[in-house]
Amino acid sequence: MSGWAPGGALASNVEITAATVQRGDIIQLGGRACRVSDLFQLSQGAKQLLFESGELPTIHARARLAAVRVLRRR
């Protein structure tokens with residue numbers, strides 16, 4: 001599913017893993033939508049995410065999460 005977001009951006013639901021997560025992805029955790037502002041590679045394929053709100057969750061290499069990815073129009 002995809003749709004237009006405010007400001008002319010295209011938003012789509014994607015499944016992410018530690019290998020495919022990107023800055024700007026919005027992940028819903030515990031009922032809150034959190035935007036990824038930075039990523040840190042950890043051992044064995046895991047990644048630690050830095051959310052705009054300051055939280056530092058870790059994604060295991062095999063974890064699969066649903067996220068919203070916003071693609072800006074050029």
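Nothing fancy with the numbering, it's 1 onward along the sequence. All of these numbers come straight from a predicted model, not from anything done at the bench.
Shortest non-hydrogen contact noted between Phe51 and Pro57 is CE1-CG, 3.4 Å. Contact between Ala46 and Gln41 at its shortest, heavy atoms only, is O-NE2, 3.3 Å. Listed here is the closest heavy atom pair of Ala18 and Ala61: CB-CA, 4.1 Å.
Within 6.0 Å of atom CD in Gln44, 12 or fewer heavy atoms from other residues, nucleotides or ligands are found, so the atom counts as exposed in its surroundings.
Each of Val21, Thr17, Val36, Leu42 was scored for a side chain to side chain contact (heavy atoms under 4.5 Å, CB included) with Lys47, with one residue passing: Val21.
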Trace of the side chain to side chain contact (heavy atoms under 4.5 Å, CB included) decision for Ser53 with Arg32:
CA-CA 11 Å; Ser53 57; Arg32 293 181 43 208; 3.8 Å; yes
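Between atom CG of residue Leu39 and atom CD of residue Gln48 there is a gap of 10.5 Å, rounded to the nearest 0.5 Å. Ile27 contributes atom CD1, which lies 5.5 Å from atom CG of Leu49 (distance to the nearest 0.5 angstrom). Distance SG/Cys34 to CD/Glu55: 5.5 Å, rounded to 0.5 Å. One distance of note links CD of Glu15 with CZ of Arg64; it measures 5.0 Å at 0.5 Å rounding.
Scored by the side chain to side chain contact (heavy atoms under 4.5 Å, CB included) test, Gln22 finds Asp25, Arg69 as partners (sequence neighbours excluded).
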